[in-house]
Participant: 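One structure coming up, written as structure tokens, with questions to follow.
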Amino acid sequence: MKKLFLLLCLSFSINAMAFDTWWHAECTRKAMVANGFSPDARLATQVSNYLTDIFPAFTLANEKLNDAGLSALHLNADPSYEYMHFDAIFTLKDIESNWNLLLNNTIRALRKYAVSPDVKPGFRQIVLYNIIGASLHTVQDFYSHSNWVNRYIALGQKTAIPIWFETATAERMRLNLSTGAYPDGSKKGKLNHGDLNKDCSNRNLNIEAVEVATRASIDWVKRLMDSTSSDVPWSDLKTYDIQKNMVMKRFLVTLDATFLTTSSIVADHFDGAKPVKFVFSPEKDPVIEFRLARTALMSTLQQYTANMALKDNVYGLPSPYWSGHMVYHITRDIAFGLMLNEKTYVQEYKEKKLQEYKPKNTP
């Protein structure tokens, strides 16, 4: 249990490459509400969206633990997460390919896991929320990490900036589209992620990027529903209600929601180092905010590690709402073929030996 605690603590020093948590959560909340989803469904999707940022940190922290001579933890050390942030894509052709793959891969993943016999009882809805949330993360990141908003502003756009699916290829061609180089300095002659991103409130064009990302998120969820209307149990997903299930409510509403908020604040990833949004400090004191968030986070981590040791927790999960990421590897389905630095996840998938997550007592 101490190993997981150490792993999570190590992860908080790692810079995530996405809209900060507050903005991802807000875009996702509005998308789910606008499409008629229940509060519990909305929260499950928000948690899923956040895990898309936090799992790359788990991977790096796991490597640190191995370097320190500690045994490897069964967390999803998987390169697919590197491709989930719409970074380091430099031509319109490749950006268009990414959008097409992202949509088609997400639709296929929803159809696959809606019926797959491999999904254990009680996990199916969660896995579907994981897919929706993770794919939304990538959609939202495009508007923060590309020059889409910058170009429309420079061209004097007077009305709302359109979303990707509202524009034709001819319209996109005049924008000279690109996304930021990641890591910074990795692509000569291109703007860096650090220069271009609009990830938090103190970044230029954050308001404009969040506004268009919100509309794009609403459209994305509707697009997924329309494309899989006869394949996915959308009615059940929209009416998800765990308020009378105290076990599931504890995981989602208490532990996962708290982890999302507190770990982000401790890592300066809730809304940057100078946030406009405070959760714990009415007086908007960053020192008090950090201290109270850290205390709540430590309590949450202790409960997670206790959960992992329970005999009936077959996969040793911190929370069942992490299952799509830790057990079913849904980002592999979503990221397959996506690009990063002129490489595709197909190549990375073949080149790297992936650590599989196994049930307890599995040799």
Side-chain angles (χ1 to χ4, degrees), residues 21-52 102-103 105-140 165 213-261 307 312-313 315 317-328 330-331 333-334:
T21 301
W22 169 245
W23 300 116
H24 271 302
E26 274 297 281
C27 289
T28 302
R29 179 184 68 80
K30 291 177 180 178
M32 299 303 280
V33 171
N35 282 286
F37 286 80
S38 70
D40 292 336
R42 177 264 304 164
L43 182 54
T45 308
Q46 288 175 300
V47 169
S48 304
N49 186 304
Y50 178 59
L51 293 176
T52 310
L102 179 63
L103 179 59
N105 287 354
T106 305
I107 290 170
R108 280 194 290 267
L110 288 168
R111 288 172 174 162
K112 170 184 173 180
Y113 289 102
V115 298
S116 173
D118 295 331
V119 179
K120 301 292 185 185
F123 286 116
R124 194 173 306 280
Q125 286 181 303
I126 291 171
V127 174
L128 295 176
Y129 292 132
N130 288 164
I131 294 169
I132 299 167
S135 65
L136 275 170
H137 190 103
T138 311
V139 169
Q140 293 156 3
F165 291 106
T214 299
R215 285 187 285 109
S217 298
I218 294 170
D219 172 85
W220 184 258
V221 175
K222 184 178 186 303
R223 197 169 291 271
L224 296 179
M225 292 169 61
D226 290 345
S227 299
T228 60
S229 58
S230 61
D231 306 302
V232 174
W234 289 109
S235 178
D236 292 341
L237 290 172
K238 292 174 75 170
T239 57
Y240 188 60
D241 184 355
I242 56 167
Q243 293 306 303
K244 294 181 180 179
N245 184 332
M246 299 311 295
V247 174
M248 297 302 288
K249 183 177 179 179
R250 172 177 172 269
F251 278 116
L252 181 61
V253 179
T254 302
L255 297 183
D256 289 338
T258 301
F259 176 71
L260 180 154
T261 302
N307 294 336
D312 60 352
N313 187 348
Y315 290 107
L317 294 170
S319 163
Y321 291 93
W322 298 31
S323 58
H325 291 268
M326 292 181 69
V327 179
Y328 300 102
I330 51 97
T331 55
D333 295 89
I334 298 170

Participant: How long is the span from the OH atom in Y129 to the CG atom in L136, to the nearest 0.5 Å?
Facilitator: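 One finds 13.5 Å between OH of Y129 and CG of L136.
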Participant: Just do the side-chain contact (heavy atoms from CB on, under 4.5 Å) check on L255 and S319 with the steps written out, would you?
Facilitator: CA-CA 8 Å; L255 297 183; S319 163; 6.0 Å; no
Participant: Do the non-hydrogen side-chain atoms of N307 and R250 ever get within less than 4.5 Å of each other?
Facilitator: yes
Participant: Should D333 and N105 count as side-chain neighbours, where that means a heavy-atom distance under 4.5 Å?
Facilitator: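 When only atoms from C-beta onward are counted, N105 and D333 do not touch, as no gap falls below 4.5 Å.
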Participant: Taking the inter-plane angle between the rings of W322 and F259 on a 0 to 90° scale, is it parallel (under 30°), tilted (30 to 60°) or perpendicular (over 60°)?
Facilitator: tilted
Participant: Can you see which heavy atom on V115 is nearest to which on R111, and at what distance?
Facilitator: CG2-O, 3.5 Å
Participant: State the OG1-CD distance between T214 and E26, to the nearest 0.5 angstrom.
Facilitator: 8.0 Å
Participant: Any heavy-atom pair between the side chains of F165 and L103 that's under 4.5 Å?
Facilitator: yes
Participant: side-chain contact (heavy atoms from CB on, under 4.5 Å), that's the test. Do W234 and T228 meet it? Break it down for me.
Facilitator: CA-CA 9 Å; W234 289 109; T228 60; 2.9 Å; yes
Participant: What is the distance from atom CH2 of W22 to atom CG of L260, rounded to the nearest 0.5 Å?
Facilitator: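 W22 atom CH2 to L260 atom CG measures 10.5 Å (nearest 0.5 Å).
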Participant: Are any non-hydrogen side-chain atoms of P318 and M326 less than 4.5 angstrom apart?
Facilitator: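 P318 vs M326: side chains touch.
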Participant: Kindly give the heavy-atom pair with the smallest separation between T45 and M32, and that separation in Å.
Facilitator: OG1-CE, 3.2 Å
Participant: For the residue pair M248 and P320, establish whether any side-chain heavy-atom pair is separated by less than 4.5 Å.
Facilitator: yes
Participant: Identify the two heavy atoms, one from G324 and one from V127, that lie closest to each other, and give their separation to 0.1 Å.
Facilitator: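 Shortest heavy-atom contact: CA-CG2, 4.1 Å.
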Participant: Supply the atom-to-atom distance L224 CG to D219 CG, rounded to the nearest 0.5 angstrom.
Facilitator: 9.0 Å
Participant: For the residue pair S48 and I330, establish whether any side-chain heavy-atom pair is separated by less than 4.5 Å.
Facilitator: no
Participant: Grab the two heavy atoms, one from T239 and one from S235, that are nearest each other, plus how far apart they are.
Facilitator: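 Closest heavy-atom pair between T239 and S235: OG1-O, 2.9 Å.
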Participant: Rounded to the nearest 0.5 Å, how far does CD1 of I131 lie from CD1 of I126?
Facilitator: 12.5 Å
Participant: Taking side chain as C-beta onward, heavy atoms only, is L317 less than 4.5 Å from F123?
Facilitator: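 The answer is yes; the side chains approach within 4.5 Å.
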Participant: Using a 3.5 Å distance criterion without hydrogens, assess whether the side chain of S135 forms a donor-acceptor pair with backbone atoms of I132.
Facilitator: yes
Participant: With side-chain hydrogen bond (donor to acceptor under 3.5 Å, both in side chains) as the test, would you mind laying out the steps for Q125 and D236 before giving the verdict?
Facilitator: CA-CA 8 Å; Q125 286 181 303; D236 292 341; 5.2 Å; no
Participant: May I have the step-by-step check of side-chain contact (heavy atoms from CB on, under 4.5 Å) for T21 and H24, ending in yes or no?
Facilitator: CA-CA 5 Å; T21 301; H24 271 302; 5.7 Å; no
Participant: Between atom OH of Y328 and atom OG of S323, what is the distance when rounded to the nearest 0.5 Å?
Facilitator: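 If I round to the nearest 0.5 Å, the distance is 6.5 Å.
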Participant: If you define the side chain from C-beta out and look only at heavy atoms, does anything of T52 sit under 4.5 Å from H325?
Facilitator: yes
Participant: Name the residue from H137, R42, Q140 that meets the side chain to side chain donor-acceptor pair (under 3.5 Å) definition with T28.
Facilitator: Q140
Participant: Can you tell me if Y240 uses its side chain to pair, donor with acceptor, with the backbone of F37 under 3.5 Å?
Facilitator: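 Judged by distance alone, no pair lies under 3.5 Å.
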Participant: Output yes when a side-chain donor or acceptor of S38 lies under 3.5 Å from a complementary backbone atom of A41, and no otherwise.
Facilitator: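 Yes: the side chain of S38 pairs with the backbone of A41.
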Participant: Passes side-chain contact (heavy atoms from CB on, under 4.5 Å), L102 versus T106? Steps please.
Facilitator: CA-CA 6 Å; L102 179 63; T106 305; 4.1 Å; yes
Participant: Would you find a donor on one side and an acceptor on the other, under 3.5 Å apart, between the side chain of K238 and the backbone of N35?
Facilitator: yes
